[in-house]
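Just so it is clear, the values below take in all heavy atoms, side chains as well, and ignore hydrogens, waters and symmetry mates. Quick note: residue numbers are just sequence positions, from 1.
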Amino acid sequence: MAFDQSTRNRLQRFVTDARRTLEEEFTRQLQNDYGLDPISGTASPLESLRHINDQQRETARILRDTLAHYCASADTDTKATACSISVGMDIVRNARLGFGGVRSQVIEKA
């Protein structure tokens, strides 16, 4: 069944709005819950995350390990910062299944 142009446009707007909403939510979770700032590329020490439970702390550790793995080849501070920002934004974009999905994907890759 083919959609007319109006339906395709509405569907595209819906998908774009849903994607934006999810990216904003995952950015909020990375910053507030997991202490990662995908914009600046900074990560709070795990010890400072007193507001999360053990399972969330493990997810935070895995996210940091993943970030470190992807940025391991960076040879300068500027390149490392650019890498962490890029990877942080990739984590946000690719985490649409929820952090449980990210966690299991990371474990499977290890």
Side-chain angles (χ1 to χ4, degrees):
M1 177 170 125
F3 293 127
D4 61 18
Q5 187 63 42
S6 173
T7 303
R8 284 194 301 270
N9 290 343
R10 285 194 334 254
L11 181 58
Q12 178 62 41
R13 278 192 304 276
F14 172 78
V15 169
T16 301
D17 291 345
R19 180 175 291 144
R20 185 179 314 111
T21 299
L22 288 171
E23 287 179 4
E24 289 169 358
E25 174 59 19
F26 283 115
T27 298
R28 186 202 62 75
Q29 286 182 30
L30 283 172
Q31 291 172 333
N32 296 340
D33 297 342
Y34 298 102
L36 298 172
D37 187 347
I39 306 303
S40 70
T42 59
S44 301
L46 282 174
E47 299 79 30
S48 70
L49 303 178
R50 295 186 178 109
H51 61 283
I52 60 176
N53 63 35
D54 289 341
Q55 184 177 2
Q56 290 171 312
R57 190 172 313 284
E58 178 64 9
T59 300
R61 186 194 63 74
I62 289 170
L63 288 169
R64 282 164 174 72
D65 289 349
T66 303
L67 182 64
H69 172 76
Y70 283 114
C71 294
S73 63
D75 55 4
T76 65
D77 289 341
T78 303
K79 188 175 176 183
T81 300
C83 176
S84 61
I85 292 170
S86 173
V87 171
M89 293 309 292
D90 285 346
I91 289 172
V92 169
R93 282 191 290 277
N94 294 323
R96 294 187 181 109
L97 296 176
F99 283 108
V102 170
R103 182 171 184 248
S104 63
Q105 290 172 7
V106 171
I107 291 171
E108 289 172 7
K109 289 180 182 178

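Every side chain to side chain donor-acceptor pair (under 3.5 Å) that Asp4 has, sequence neighbours left out, goes to Thr7. Checked against side chain to side chain donor-acceptor pair (under 3.5 Å), Asp17 has the following partners two or more places apart in sequence or in another chain: Arg20. A search for side chain to side chain donor-acceptor pair (under 3.5 Å) contacts involving Thr16 returns Gln12, not counting sequence neighbours. Residues that satisfy the side chain to side chain donor-acceptor pair (under 3.5 Å) test with Asp65, not counting sequence neighbours, are Arg61. Taking the side-chain contact (heavy atoms from CB on, under 4.5 Å) definition, one finds that Glu47 meets it with Pro45, sequence neighbours left out. For Arg13, the side-chain contact (heavy atoms from CB on, under 4.5 Å) partners are Asn9, Arg10, not counting sequence neighbours.
Between the side chain of Glu24 and the backbone N or O of Thr21, no donor-acceptor pair lies under 3.5 Å. A distance-only check finds a donor-acceptor pair linking the side chain of Arg64 to the backbone of Ala60 [under 3.5 Å].
Looking at Leu63 and Leu30, their side chains come closer than 4.5 Å, going by heavy atoms from C-beta outward.
The CD atom of Glu58 sits 11.5 Å away from the CG atom of Asn53 when rounded to the nearest 0.5 Å. Annotation: the span from His51 atom NE2 to Arg57 atom CZ amounts to 8.5 Å, rounded to 0.5 Å.
Atom CG of Asp54 has 12 or fewer neighbouring heavy atoms from other residues, nucleotides or ligands inside a 6.0 Å radius.
Cluster membership check: Ile52 shares its hydrophobic cluster with Leu46, using side-chain heavy-atom separations under 4.5 Å among Ile, Leu, Val, Met, Phe, Trp and Tyr.
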